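Here the structure is a predicted model, which is why all the values come from computation and not from measurement. Note that these values count all heavy atoms, side chains included, but never hydrogens, waters or copies made by symmetry.
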Amino acid sequence: MTVLTLHLSVALPGSADTKHVTLLILATMITLALAGIRGLLRRTQVVMVITGTSALLVVLSVLVVAYLITLGTP
């Protein structure tokens, strides 16, 4: 995690505040979850679409809630 934080501090302009790094990581995870849902809808059968989409929607909702909580903290 230290290497990731150091890399992001070099890649991100400005200071490497932990809130900004957390928001960046959560936004990346949300994007990956959305990409997973999109790929699942195109490439699998109906039963797997229903099961996989519901599981990924739960993960997505947890990530969105974590993003909003982190965004709202001072």
Participant: Hey, could you give me the OG1/CG distance between T53 and L60, rounded to the nearest 0.5 Å?
Facilitator: 11.0 Å

Participant: Are V59 and L57 co-members of a hydrophobic cluster defined by side-chain heavy atoms under 4.5 Å apart?
Facilitator: yes

Participant: Show me the donor-acceptor pairs, under 3.5 Å and distance only, between side chains in residues 34-51 and residues at least two apart or in other chains.
Facilitator:
unit_1: T44; atom_1: OG1; unit_2: L40; atom_2: O; d: 2.7
unit_1: T51; atom_1: OG1; unit_2: V47; atom_2: O; d: 3.0

Participant: Just list the side-chain donor-acceptor pairs under 3.5 Å for residues 21-28, sequence neighbours left out, or say none.
Facilitator:
unit_1: T22; atom_1: OG1; unit_2: T18; atom_2: O; d: 2.7
unit_1: T28; atom_1: OG1; unit_2: L24; atom_2: O; d: 2.8

Participant: Say whether V64 and L32 are linked into one hydrophobic cluster, either directly or through other cluster members, by side-chain heavy-atom distances under 4.5 angstrom.
Facilitator: no

Participant: With clusters defined by side-chain heavy atoms of hydrophobic residues (ILVMFWY) lying less than 4.5 Å apart, directly or transitively, does L68 cluster with L63?
Facilitator: yes

